[in-house]
Structures are given as structure tokens and as C-alpha cells.
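Here is the structure we will look at.
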Number of protein chains: 2
Amino acid sequence: MPQSDAGLDPAQEQGLVEAWDRAAAPAARRLMIAAVEAFAARGYHGTSTRDIADRAGLSPAGVYVHFASKEELFYRITLVGHQQTLRSALEAEAASGPAASAAERLRAVVAAQTAFEARHHTTARVIEYDLPCLSPEHFIEVNALRRQITAVVRGILADGVKSGEFDVPDVDGTALALLSMVTDVARWFPANSRQTPEQLGRLYADLALRMAAPHGTRAADAPGH
Amino acid sequence: MPQSDAGLDPAQEQGLVEAWDRAAAPAARRLMIAAVEAFAARGYHGTSTRDIADRAGLSPAGVYVHFASKEELFYRITLVGHQQTLRSALEAEAASGPAASAAERLRAVVAAQTAFEARHHTTARVIEYDLPCLSPEHFIEVNALRRQITAVVRGILADGVKSGEFDVPDVDGTALALLSMVTDVARWFPANSRQTPEQLGRLYADLALRMAAPHGTRAADAPGH
DNA sequence: ATCCAGTGTAAGCAATCGCTTAGCTCCGGT
DNA sequence: ACCGGAGCTAAGCGATTGCTTACACTGGAT
């Protein structure tokens, strides 16, 4: 299996934050988990700090022992979430081997990212769709991570075009469309689908290859599957 | 141009609601426009009724002359927006002619919907991403319209598969992925792109055909373009 | 002339918001 | 034995929330 869980605890697969920073105070982690659930259900502005405190089993003031503000709590979540997402993409690309074709790398990255969005759909929904609630400075910082993720996909497409492996007239536009497709999984998963994250990853990887492959050269299946 | 503006005022293309219900009280329309702008900028929960009233040039109480509640104002926006979106899809499909191939219909619908999301990105952002803020009953009603839009795409894909025109192993999953791609335009347009809505529509229609076309049968260009 | 429905505002209500303050308990270091 | 900081809470601050009430103005029908 090329795209690994990268150290995630399989018993806690439904959240990203749960697995992060095991050294931090347990209450701080509980707060982040509680905040992710609340933000995913009602959005940033729709969630009160009392909601979060309740879910974490703390009094309203307990939040501010560990985080300076609601926005900082949200910022920590989005930062960790985006770091994990970027790491997942880079690891998937690296795992396909140093001599991998552009097609193999595209398949690995799209499958990994799609499965990631599905597995961690609660956290992903928060960090994908509530980003404008960040302070301007924090937004810029997190957005830089997003650009790196886009750059990975764009790089693979460009490499494939250069080598003649792909036929992509608009690399930037196609990369954006491709990531839209992948990202949006977090919004609807697991409704409308009885598929596992891995099955979904394979489907989306196939679709991505169809988008990039030149006329009459489409690979029907992944090498090694 | 197969996908028409369907009666939209070209001078007010940036919003959906502006063109709707010209018989309604002007203040009610102003409120809907103001609410769309505010919701798009800050989200439903991030927007106060005083924000909306200010933008519409009314006192805070003026909102409740025309709408029973903030939720009802939001509901009217989402309802009208989804009706227009569905109408746009149906008209695009119909405009491709009664004897059109599945490929022609897919191209027409995807191009029209993509251009629509781009042109009306402010309204689209509100009605696509803040939907869970609706009351349960209103959510069910609007969601029924969404399912009709999905059904259009799914129907075209299924027809193409049946006639041998398409090769789509997972019609439902592909339709969902395709609509994710199209819908997500509203979230980032017009940033990251110097393309017009029409150019973007052509790019996305090409990508959609690549996703659906069987091995070695991809049409490089639209018939008639 | 009078009325009345439609459109609007000033003022304010109860509730909730993010966050602070003052003070408690607990526990490891000395 | 005693200290000091970390973790937590009860209480509450001022601001803002969605919305209501009471009242004013307008223009057309009677």
C-alpha cells in the first residue's frame, strides 16, 4: 500500500488533531478535538467558546488556560491540519519511488489525498471551509501551506507534460480543478457514498489520470494493483 | 453561444438575486443583495442583521418589515439561487438539441454550470457552503433541488454508458466528483485565475469529457467551436 | 376628510457572545 | 513545613446578538 497512514493511530482515524502533539497537555488536546467537532458541525462563528468547553468537559474559562483566544485555538487546528495534509501529499509522492513516472506519482498523490480527506473529513471540513475566519496574518501563513500542496500537483502535471507522458493544455487550471474535486470530498463524505476512503482514492486517482493522459494512452489500472 | 444568460441582466451579472422577482418590493431586493454580499464575506453566523440592514440602507428593524427572520431571508436566497442553478442546467441540456449526443450534452451542461458558478460566484458561495445553516425543513426542500441537479449529470453519464459513448465504471461517484469540481469554482473565483467564466467553462467541459470518454475516443474540441 | 395598509424608525428587551478577574485546589521542589 | 506555579472554576464584565414594541409617515381608496 503506497499511501501509508504515516503514524496515525488507526483507532483514532476519524480526526487529525487527535494524533498530533502527544506531549501537549491532555486538556489542550481535548479542547482541540472538541473544537474540531463543534466547528465542523456549526462553523467557526456558529460555535461558542462555551460549546467547546462543554464538549471538552471544562468550564467556559478553562479554554483560556490553554489558548489565548478562540481564534488561536482555530489557528492551531488549521495549522496542524494543513501540515499533516502537506506531509501526506509529499510522502505519497516520495513513496512512489525516485524513478516513478508522472502517472504513478499523480495516482499516488491523488489517491492519498482523497483517502485523507475522507478519513479525516471532520477536521478537513473545518480547515478547508472556515479558513477566512482566521486573522489576516494567520490566514497568510496557512495559505502558504495550501500553495505548497497545489505546487505538488502542478509539478507532477508539468513534469508529465514535459516528458510527453501527459497532455494538459492548462496545467494551472487542471491542477486547481483536480484539487477542487479532492478537497470537496470532505464536505459530503461519508453521505452519498458507501465506499471506503481507499476505494474513493482509487476512483479519484483514475479520474485524475483520465484528465491528464493524452488521447489514447490512458492506463486502465495502476501498476502493481 | 449555447448556454444563454437566461434573462439575466448583463449589467448585474455578478449576482443571482438581483435579477429575480422584479415585481417584489425594491427594499426586499436590496435586502437580499445586501445579505448575499454579507453572507459571502463573513458567512451566515458571522453576519448580523444590523450588517445587512446597513448595507441595504435601512434601520435594524427594517429587515423584519420584509422578512420574518434572518433564517427566512437566507432561505429565500438559497431557494432562488438553487432554482436558477437548476434552470441553467436544464436549459443548457435542452439547448444542445433533442438529438444531441451524450458528449454534447455533458459539454453543454458542464460549461454552463461552470460559467454560472464563476459569474455568480458571490451568490454561489453563499448557497453552496452555508447550507447547513438552514432550518431542517428548509434544508430538506433546498436539498431536493440539489439532487435534481445531480440527477441531470448522472443521467447524461448513464445515457452515454448505455449507448457506448462513455466509459464510466462508477456513474454516481463520477457525477459527484464532476460536480465537486464545478461547484468549487465559486469558492476561489476570480482569484488564481485570469480566465473569463466562459473560458473556464470550456476548460471544465473538456476535463469532464476526458473523465467520461472511453479509451482513445476523446474529442479534442467541441463540435461547432 | 378620513381611513388604512404598507413602509419605515427609535428604543429597547432578553439572551448570548468572547473574554477577564479573583480565588480555589493540587502537587512537586526545597 | 512551606512555597509557588499550573490547572481550573464561579462569577461577571461590556458588547453584541436576533428580534419586538410602539409609534410616525406616506399615498391612494372611500
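As the structure is a prediction and not an experimental result, all values here were calculated from the model. Letters A, B, ... mirror the listed sequences (proteins, then strands); counts begin at 1.
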Original post:
Which one, D/dC19, C/dT9, D/dT9, comes nearest to the side chain of B/Ala61?
Top reply: C/dT9
Original post:
Between A/Phe67 (CZ) and C/dG18 (P), how many Å, whole number?
Top reply: 15 Å
Original post:
Out of D/dC8, D/dG18, C/dC19, which has the shortest distance to the side chain of A/Arg50?
Top reply: C/dC19
**OP:** Over 60° means perpendicular and under 30° means parallel, so classify the ring planes of A/Phe74 and A/Tyr44, tilted if in between.
**Re:** tilted
Original post:
Roughly, in whole Å, what's the span from OH in B/Tyr64 to P in C/dG6?
Top reply: 21 Å
**OP:** Count the heavy atoms belonging to other residues, nucleotides or ligands that lie under 6.0 Å from CZ of A/Arg146, then report whether that count exceeds 12.
**Re:** yes
Subject >> Residues A/Arg125, A/Asp130: salt bridge by 4.0 Å N-O rule >> reply: no
Original post:
Cation-pi between A/Lys70 and A/Tyr64: NZ/CZ under 6.0 Å from ring centre and within 45° of the ring axis?
Top reply: no
Original post:
Hey, what do you get for OG1 (A/Thr174) to OH (B/Tyr204), rounding to the nearest 0.5 Å?
Top reply: 8.5 Å
Original post:
Can you check the B/Ile52 CD1 to C/dG8 P distance for me, whole Å?
Top reply: 16 Å
**OP:** Let me know the distance between CZ of B/Phe74 and P of D/dC19, rounded to the nearest Å.
**Re:** 14 Å
**OP:** Using atom CG of B/Asp54 as one end and atom P of C/dA10 as the other, report the distance to the nearest whole Å.
**Re:** 12 Å
Subject >> Whole-Å gap separating C1' (C/dC19) and CG (A/Leu58) >> reply: 15 Å
Original post:
Is B/Ser48 near enough to D/dT16 that one of its side-chain N or O atoms lies under 4.0 angstrom from OP1 or OP2?
Top reply: no
Subject >> d(CG, A/Leu73; P, C/dC19) in whole Å >> reply: 10 Å
Subject >> Phosphate-side-chain proximity, B/His66 and C/dG8, N/O vs OP1/OP2 below 4.0 Å >> reply: yes
Subject >> Residue closer to the 5' end of DNA chain D, B/Gly46 versus A/Val65 (nearest nucleotide) >> reply: A/Val65
Original post:
Over how many whole Å does the gap from A/Lys70 atom NZ to C/dG18 atom C1' extend?
Top reply: 8 Å
Original post:
If you look at every strand shown and take non-hydrogen atoms under 4.0 Å, does B/Ser59 touch a base, only sugar-phosphate, or nothing?
Top reply: base
